[in-house]
S.K.: 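Supplied in structure tokens, the structure appears directly below.
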Amino acid sequence: MDFCKGVNIAIVCKVFGFTGASAEVIKIKFEKYGGRAEIYSDKTNLNQISHIIVPSKITENALEKILNKKLSDLKCYIVNEEWAYNTIIKKQVQNPSFYIWSETPSQAQKRKPQTICQVEKLPKLNLNFQSTQNLNYHLTKEIEKLKNLYEVLGDKGRSITYSNIIRSLRLLPFKVENTKQLEGMENFGKKTLNKIKEILEKGTLERLKSFRQNERLQVMESLTQVHGVGNDLAYFLYKKGILTISSLQNYAIINPGEFTKTQLIGIELHNEFSSKISRDEVENISQTIKSQVFAYDKEAFFEICGSYRRGRELCGDVDIVIGTNDTDLLYKVVENCSIITHVLSLSGHKFIGVGKIQDLHRRIDIYCVKPNEFWFAVQLIIIDFYD
DNA sequence: GCCG
DNA sequence: CAGTACG
DNA sequence: CGGCCGATACTG
């Protein structure tokens with residue numbers, strides 16, 4: 001399968017908030033089918049590019065700023081992300097002239113006749129499970145602890161670097177046995193290599209032990225486990241002498257006015273959220289939501305993702321992706337679904353909230369995307385680029 | 001922490 | 001706007 | 001040194 005051979009794309013493409021990560025999925029797919037793809041950066045040589053993929057919502061000014069070029073000077077096609085989706089889904093490079101990006105919808109519509117996949121014909125993308133498997137869990141689990149601690153400390157720089165390192169390790173196609181295998185890789189500097197060496201030899205990090213002895217860190221790390229409590233609030237609470245989640249719970253009952261609605265829900269239900277969910281229960285919850293979805297759109301796509309999809313026996317939350325053209329579907333489902341008890345945040349394409357079907361309240365996330373984005377969203381939510 |  | 005959360 | 005994932009997205 002190399003129908004993308006000769007196609008050389010640069011992606012400025014960002015979709016429904018997953019942004020860089022969804023661009024990565026497009027890149028992976030194009031390369032799998034023999035094409036060449038890169039995420040656009042200032043190093044990109046536009047002379048070698050056949051298609052630039054841009055988000056439909058971007059403005060012309062912004063795009064020219066990013067590309068640092070007048071659009072009229074470009075020789076390649078500037079197409080929207082649907083071109084990329086449909087090329088991959090239909091396994092055939094699409095005629096770019098149907099997908100030429102344009103800032104104003106009316107212009108775009110004129111040039112963009114009915115090219116979108118018929119929903120009932122939309123084929124299922126082969127999910128690449130290899131890319132979802134983390135062969136370097138022995139390293140990432142330790143580095144993740146380090147990342148969390150720096151996050152708690154408010155050291156954004158280190159926590160971002162460690163996130164990048166974790167992501168690279170997760171995507172590696174082999175298990176690391178030796179730091180030589182990582183030398184020269186982006187983001188892997190001397191100190192990181194030393195830490196990895198230490199983990200390979202001893203299984204843990206000395207640095208972690210010293211962090212464990214720091215009371216403030218320990219308290220803040222624990223408090224930030226509560227949904228809605230970040231490091232700012234955690235530090236504030238620590239200074240106030242609130243050192244445990246149960247004392248936070250008591251404090252919040254007496255002083256509810258000091259917290260947002262979201263935080264109050266997180267505090268109240270924290271104990272329930274921290275208990276894991278069986279696959280059976282995930283399926284039961286999903287089934288209820290699914291029937292609600294189909295009540296509004298019989299053609300909708302529906303998949304359970306997240307850790308359930310990664311095969312875990314016990315899941316932290318319920319992750320659902322819906323594919324539909326109905327932009328109000330998510331609102332309707334959330335409002336009318338009997339098992340949904342709380343809304344933490346809600347928009348047309350993302351629900352973060354709480355539901356209950358048995359004895360405990362459970363965290364539920366629902367993503368709602370257009371049908372031709374569906375399998376990309378599913379893959380994205382399984383892969384876990386960041387974590 | 002890493003990178004320019 | 002800052003804070004928080006999601007992948 | 002200074003900046004760091006997302007022209008994220010929601011809440012208050």
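The chains referred to below are lettered A, B, ... by the order of the sequence lines, with proteins before strands, and numbering in each begins at 1.
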S.K.: Please tell me which of the listed nucleotides, C/dG7, C/dC6, C/dT4, lies nearest to the side chain of A/Arg363?
M.R.: C/dC6
S.K.: Side chain to side chain donor-acceptor pair (under 3.5 Å) with A/Glu258: which residues, sequence neighbours excluded?
M.R.: A/Tyr251
S.K.: Among residues two or more places apart or on two chains, list those pairs meeting side-chain hydrogen bond (donor to acceptor under 3.5 Å, both in side chains) that have a residue in residues 217-235 of chain A.
M.R.: A/Arg212-A/Glu221
S.K.: A/Glu186 CD to D/dC4 P: how many Å, rounded?
M.R.: 16 Å
S.K.: Could you list the residues that satisfy side chain to side chain donor-acceptor pair (under 3.5 Å) with A/Arg36, not counting sequence neighbours?
M.R.: A/Asn8, A/Glu38
S.K.: Please tell me which of A/Gly157 and A/Glu64 maps to the more 5' nucleotide of DNA chain D, matching each residue to the nucleotide holding its nearest heavy atom.
M.R.: A/Gly157
S.K.: Taking any heavy-atom pair under 4.0 Å as a contact, classify A/Leu233: base, sugar-phosphate, or nothing.
M.R.: sugar-phosphate
S.K.: Any residue in residues 251-261 of chain A with a heavy atom nearer than 4.0 angstrom to DNA chain D? Just list them by number, or reply none.
M.R.: A/Thr260, A/Lys261
S.K.: Of the candidate nucleotides D/dA9, C/dT4, D/dT11, which contains the atom at the shortest distance from the side chain of A/Thr262?
M.R.: D/dT11
S.K.: Please give, in whole Å, the distance from C/dG7 P to A/Glu303 CD?
M.R.: 17 Å
S.K.: Whole Å only: how far is the CG atom of A/Leu344 from the P atom of D/dC10?
M.R.: 14 Å
S.K.: Could you work out which one of D/dT11, D/dA9, C/dC6 sits closest to the side chain of A/Ser345?
M.R.: D/dT11
S.K.: If the condition is side chain to side chain donor-acceptor pair (under 3.5 Å), which residues does A/Asn250 pass it with, not counting sequence neighbours?
M.R.: none
S.K.: Does the side-chain hydrogen bond (donor to acceptor under 3.5 Å, both in side chains) test come out yes or no for A/Asp328 and A/Tyr296, once each step is laid out?
M.R.: CA-CA 10 Å; A/Asp328 289 329; A/Tyr296 294 108; over 6 Å; no
S.K.: In whole angstroms, how far is the C1' atom of C/dG7 from the CD atom of A/Glu151?
M.R.: 13 Å
S.K.: For atom NZ of A/Lys141, is the number of surrounding heavy atoms from other residues, nucleotides or ligands below 6.0 Å larger than 12?
M.R.: yes
S.K.: Which stems, defined as runs of 3 or more consecutive Watson-Crick or G-U wobble pairs with both pairing distances under 3.5 Å, involve DNA chain D?
M.R.: B:1-4 with D:1-4, C:1-5 with D:8-12
S.K.: From D/dC10, C/dC6, C/dG3, pick the nucleotide closest to the side chain of A/Asp232?
M.R.: C/dG3
S.K.: Taking any atom under 4.0 angstrom from a heavy atom of chain A, which nucleotides of DNA chain B are the first and last to qualify, 5' to 3'?
M.R.: B/dG1 to B/dC3
S.K.: Output the rounded distance in Å from NZ (A/Lys156) to P (D/dG6).
M.R.: 11 Å
S.K.: Pairs in or reaching into residues 267-288 of chain A: which pass salt bridge (charged side-chain N to carboxylate O under 4.0 Å, His left out), with residues at least two apart or in two chains?
M.R.: A/Glu281-A/Arg362
S.K.: Which part of the nucleic acid, if any, lies within reach of A/Asp155 when heavy atoms closer than 4.0 Å are counted: base, sugar-phosphate only, or nothing?
M.R.: nothing
S.K.: Say we look at C/dA2 and D/dG3: how far apart would their P atoms be, to the nearest angstrom?
M.R.: 15 Å
S.K.: On a whole-Å scale, what distance lies between the C1' atoms belonging to C/dT4 and D/dC1?
M.R.: 30 Å
S.K.: So, is A/His227 near the phosphate of C/dC6, with a side-chain N or O under 4.0 Å from OP1 or OP2?
M.R.: yes
S.K.: Say we look at B/dG4 and D/dG6: how far apart would their P atoms be, to the nearest angstrom?
M.R.: 15 Å
S.K.: In this structure, how many angstroms lie between the C1' atom of D/dC10 and the CD1 atom of A/Ile265, rounded?
M.R.: 13 Å
S.K.: Round to the nearest Å and state the distance from A/Gln225 atom CD to C/dC6 atom P.
M.R.: 11 Å
S.K.: If the condition is salt bridge (Lys or Arg N to Asp or Glu O under 4.0 Å), which residues does A/Lys195 pass it with, not counting sequence neighbours?
M.R.: none
S.K.: Which nucleotide in the set D/dA9, D/dT11, C/dC6 lies at the smallest distance from any side-chain heavy atom of A/Lys350?
M.R.: C/dC6
S.K.: Of all the choices, D/dG12, C/dC6, C/dT4, which nucleotide is nearest to the side chain of A/Asp365 once you look at every atom?
M.R.: C/dC6
S.K.: Among C/dT4, D/dC10, C/dC6, which is the nearest nucleotide to the side chain of A/Gln263?
M.R.: C/dT4
S.K.: Which part of the nucleic acid does A/Val226 contact within heavy-atom distance under 4.0 Å: base, sugar-phosphate only, or nothing?
M.R.: sugar-phosphate
S.K.: What is the distance, to the nearest angstrom, from the CG atom on A/Asp319 to the C1' atom on C/dA5?
M.R.: 13 Å
S.K.: With ILVMFWY side chains joined below 4.5 Å, transitively, what does A/Leu344's cluster contain besides itself?
M.R.: A/Ile265, A/Leu269, A/Phe273, A/Ile352, A/Val354
S.K.: Test of understanding: with side chain to side chain donor-acceptor pair (under 3.5 Å), list the residues that count as partners of A/Lys156, not counting sequence neighbours.
M.R.: none
S.K.: So how far is it from A/Trp101 CH2 to A/Ile53 CD1, rounded to the nearest 0.5 Å?
M.R.: 14.5 Å
S.K.: Of all residues at least two apart in sequence or in a different chain, which pass the ring-ring contact (aromatic ring centres under 6.0 Å, His included) check with A/Tyr308?
M.R.: none
S.K.: Which value, rounded to the nearest 0.5 Å, describes the distance between A/Ile285 atom CD1 and A/Ile339 atom CD1?
M.R.: 5.5 Å
